[in-house]
Number of protein chains: 2
Amino acid sequence: MSAITVLLVDDHLVVRSGLKALLGTQPDFDVVAEAASGEEALELVDLHAPAVVVMDLAMGAGIDGIEAIRQLRQRNSRQPILVFTTYDSDADIVRAVDAGAMGYLLKDAAPDEIFAALRGAVQGKSVMSAPVASRLFQQLRNPDEVLTPREAELLSLLTQGLSNRELGQRLFISEATVKTHLAHIYAKLGVETRAAAIATAIRREGMR
Amino acid sequence: MSAITVLLVDDHLVVRSGLKALLGTQPDFDVVAEAASGEEALELVDLHAPAVVVMDLAMGAGIDGIEAIRQLRQRNSRQPILVFTTYDSDADIVRAVDAGAMGYLLKDAAPDEIFAALRGAVQGKSVMSAPVASRLFQQLRNPDEVLTPREAELLSLLTQGLSNRELGQRLFISEATVKTHLAHIYAKLGVETRAAAIATAIRREGMR
DNA sequence: AGCAGCATCAGCCAAAAGGTTGAGAGACCA
DNA sequence: TGGTCTCTCAACCTTTTGGCTGATGCTGCT
């Protein structure tokens with residue numbers, strides 16, 4: 001049988017070469033290309049048509065991993081995409097799955113877990129690290145705590161330190177509306193002040 | 001001549017094996033041991049007495065990189081320690097240098113930069129990535145922007161989302177004093193609201 | 001002794017944020 | 001069609017925060 005062709009996408013050379021070394025210990029994997037950015041990933045997928053793509057979410061410059069996944073999905077490319085990243089923030093997980101990721105692995109995963117995830121992915125199976133799965137479960141159990149798109153947008157700007165007035169101007173809505181959204185966000189995050197909301201968002205939701 | 005013996009410390013297996021693969025391309029490096037935690041690092045230094053230690057700061061469990069550096073320094077071990085991490089937050093840099101790190105490399109560094117840093121370190125030279133160096137320089141140039149111990153303490157609590165009243169209670173000072181400290185902190189951070197201060201602190205000062 | 005930096009506190013005022021209630025428009029779905 | 005969700009806005013009121021000025025005691029350095 002032929003080997004599973006893999007495209008690695010990570011802006012850190014050490015991670016790419018580490019992953020390559022790990023996959024090299026298995027006879028059925030063949031790393032056919034490496035990309036250091038989202039843009040490069042799009043090119044190399046077209047060029048090599050790998051059986052599976054392993055992608056980090058945090059990319060230094062240019063489009064990030066989420067956007068790269070989205071654009072790959074919009075082309076008619078069929079290869080499964082596995083997210084391979086350091087953090088298991090709620091927001092990242094949801095966005096990645098939403099964008100069309102096939103699985104979500106953390107970088108401290110054991111080699112066997114990585115191998116199994118890759119082999120599973122090419123067969124159409126979804127695989128994710130245990131901490132990631134438990135976070136998703138919790139979100140499904142408590143849908144009341146999931147922010148609406150608009151709320152998430154506002155929260156993202158909030159973590160930049162903007163005032164209500166600035167938020168309104170930026171989003172083209174009145175300050176009254178901003179306050180309404182904020183009240184809902186506070187309730188969902190379980191906080192009472194914008195300070196706590198920012199702290200929670202940056203730490204728990206991974207908005208950096 | 002004999003090879004430079006290296007100990008790798010990083011909780012991510014992929015990073016260790018990537019670094020090992022990179023160093024393997026050079027004839028003068030020999031990775032004699034790998035540690036996945038601070039505790040393990042301390043043991044393996046005793047056991048192998050490597051010529052240089054390459055250490056990540058963020059370690060999943062147990063003592064973190066900074067503490068590991070400090071403890072290594074307190075023993076009579078002489079090997080230079082190179083920090084090899086993802087983020088260049090002001091706080092991390094200062095703390096690492098303070099703990100006795102010999103250099104500070106970012107994970108997106110080019111292979112040649114890594115090789116040069118390792119070779120330099122064993123000869124007693126300090127090496128750091130350009131962004132890291134520029135941050136240190138800026139701190140030296142603008143001592144006015146350095147927070148006093150009390151201000152740092154307050155800022156740390158601020159990033160937990162506490163109100164002025166709560167800050168006062170926690171630090172056993174009046175709300176008036178809290179406001180005075182905050183005003184100074186805002187000036188030093190170059191912000192005007194607590195929201196922006198929190199955002200800046202968590203992102204730039206690395207208070208997570 | 002004098003000066004600078006730090007930490008502490010007070011009072012006053014304006015601005016911002018938060019709590020509450022109520023309400024209308026559009027989307028979506030049963 | 002009716003119900004639910006989301007997004008939008010308003011008015012009112014209380015609390016919190018921020019800007020300003022000024023002041024005290026302590027420490028360390030010169």
Side-chain angles (χ1 to χ4, degrees), chain A residues 90-91 94-95 98 139-202 205 207, chain B residues 91 94 98 139-202 205 207:
Chain A
D90 292 348
V94 171
R95 284 165 63 221
D98 203 58
Q139 293 220 335
L140 287 179
R141 263 202 308 266
N142 304 356
D144 287 355
E145 292 177 8
V146 177
L147 299 179
T148 68
R150 193 57 159 174
E151 286 163 358
E153 193 179 359
L154 209 140
L155 180 58
S156 166
L157 289 176
L158 189 67
T159 63
Q160 314 287 322
L162 278 67
S163 68
N164 288 350
R165 182 181 317 239
E166 292 169 321
L167 290 171
Q169 290 171 346
R170 195 73 79 86
L171 298 175
F172 304 107
I173 56 180
S174 80
E175 216 174 313
T177 306
V178 170
K179 293 172 81 170
T180 303
H181 284 309
L182 284 181
H184 294 159
I185 291 174
Y186 296 165
K188 290 181 179 178
L189 293 186
V191 299
E192 284 170 352
T193 67
R194 74 168 44 210
I198 293 172
T200 302
I202 296 183
E205 305 291 326
M207 294 191 172
Chain B
V94 171
D98 203 57
Q139 292 219 337
L140 288 179
R141 260 203 309 267
N142 302 356
D144 288 355
E145 292 177 7
V146 177
L147 300 180
T148 68
R150 193 57 160 173
E151 286 163 358
E153 192 180 0
L154 209 141
L155 180 58
S156 166
L157 289 176
L158 189 67
T159 62
Q160 313 287 322
L162 277 66
S163 69
N164 289 351
R165 179 175 319 219
E166 292 169 320
L167 290 172
Q169 290 171 346
R170 195 72 80 85
L171 298 175
F172 305 107
I173 57 180
S174 79
E175 216 174 312
T177 306
V178 170
K179 291 172 80 170
T180 303
H181 284 309
L182 284 181
H184 293 159
I185 291 174
Y186 296 166
K188 289 181 179 179
L189 293 186
V191 300
E192 285 169 352
T193 66
R194 74 167 46 208
I198 293 172
T200 302
I202 296 182
E205 306 292 326
M207 296 189 171

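Reminder, nothing fancy here: chain letters follow the sequence lines and each chain counts from 1. Note that these values count all heavy atoms, side chains included, but never hydrogens, waters or copies made by symmetry.
- Separating the NE2 atom of A:His184 from the C1' atom of D:dC7 is a distance of 10 Å, rounded to the nearest angstrom.
- If you check the side chains of A:Ser174 and A:Thr177, you find a donor sitting under 3.5 Å from an acceptor.
- Rounded to an integer number of Å, the gap from CG of A:Leu147 to C1' of D:dC7 is 15 Å.
- Looking at the side chain of A:Lys179, the nearest of the listed nucleotides D:dG18, D:dC12, D:dT8 is D:dC12.
- The nearest whole Å value for the distance from the CD atom in A:Glu151 to the C1' atom in D:dT8 is 13 Å.
- Residues A:Thr148 and A:Lys188 meet the side-chain proximity criterion, which asks for heavy atoms closer than 4.5 Å.
- The CD1 atom of B:Ile198 lies 11.0 Å from the CG atom of B:Leu189; values are rounded to the nearest 0.5 Å.
- Rounded to whole Å, the distance from CG on A:Leu171 to P on D:dT6 is 17 Å.
- Counting non-hydrogen atoms under 4.0 angstrom, A:Thr148 reaches the backbone sugars and phosphates but no base.
- Side-chain contact between A:Glu166 and B:Thr193 is absent, with no heavy atoms from C-beta onward closer than 4.5 Å.
- Side-chain proximity of A:Ser163 to the nucleotides C:dA16, D:dG19, C:dG18 is greatest for C:dA16.
- For B:Arg150 and C:dC6, the shortest distance from a side-chain N or O to OP1 or OP2 is not below 4.0 Å.
- Using a 4.0 Å heavy-atom cutoff across all strands shown, A:Glu175 reaches no nucleic acid atom at all.
- If you take CZ of B:Phe172 and P of C:dA7, they are 17 Å apart, rounded to a whole angstrom.
- Of the candidate nucleotides C:dT8, D:dG19, D:dT16, D:dT16 has the atom lying nearest to any side-chain atom of B:Arg165.
- Look at CG on B:Leu154: it is 14 Å from C1' on D:dT17, rounded to the nearest Å.
- Side chains of B:Leu158 and B:Leu182 form a contact here, defined as non-hydrogen atoms less than 4.5 Å apart.
- Side-chain contact between A:His181 and A:Ile173: present, with at least one pair of heavy atoms (C-beta onward) separated by less than 4.5 Å.
- Atom CD1 in B:Ile198 sits roughly 12 Å away from atom C1' in D:dT17 (whole-Å rounding).
- In this structure the side chain of B:Arg150 reaches within 4.5 angstrom of the side chain of B:Leu171, judged on heavy atoms.
- Closest contact between the side chain of A:Ser174 and the listed nucleotides D:dT8, D:dG18, D:dA10 involves D:dA10.
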Kindly give the atom pairs (protein nitrogen or oxygen, nucleotide nitrogen or oxygen) under 3.5 Å for nucleotides 27-29 of chain D.
none

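- When rounded to the nearest whole Å, the span between NE2 of B:His181 and C1' of C:dG5 equals 13 Å.
- Between A:Thr159 and B:Ile202, every side-chain heavy-atom pair lies at or beyond the 4.5 Å cut-off.
- At the heavy-atom level, B:Thr177 lies under 4.0 Å from base atoms of the strands shown.
- Closest contact between the side chain of B:Asn164 and the listed nucleotides C:dG18, D:dT17, C:dT8 involves D:dT17.
- When each of A:Leu162 and A:Ala183 is assigned the nucleotide of DNA chain C with its nearest heavy atom, A:Leu162 is the one assigned upstream, toward the 5' end.
- With the nearest nucleotide of DNA chain C identified for both B:Ile173 and A:Ala195, B:Ile173 has the one nearer the 5' end.
- Among the protein residues, B:Thr180 comes within range of the nucleic acid bases, having at least one heavy atom under 4.0 Å from a base atom.
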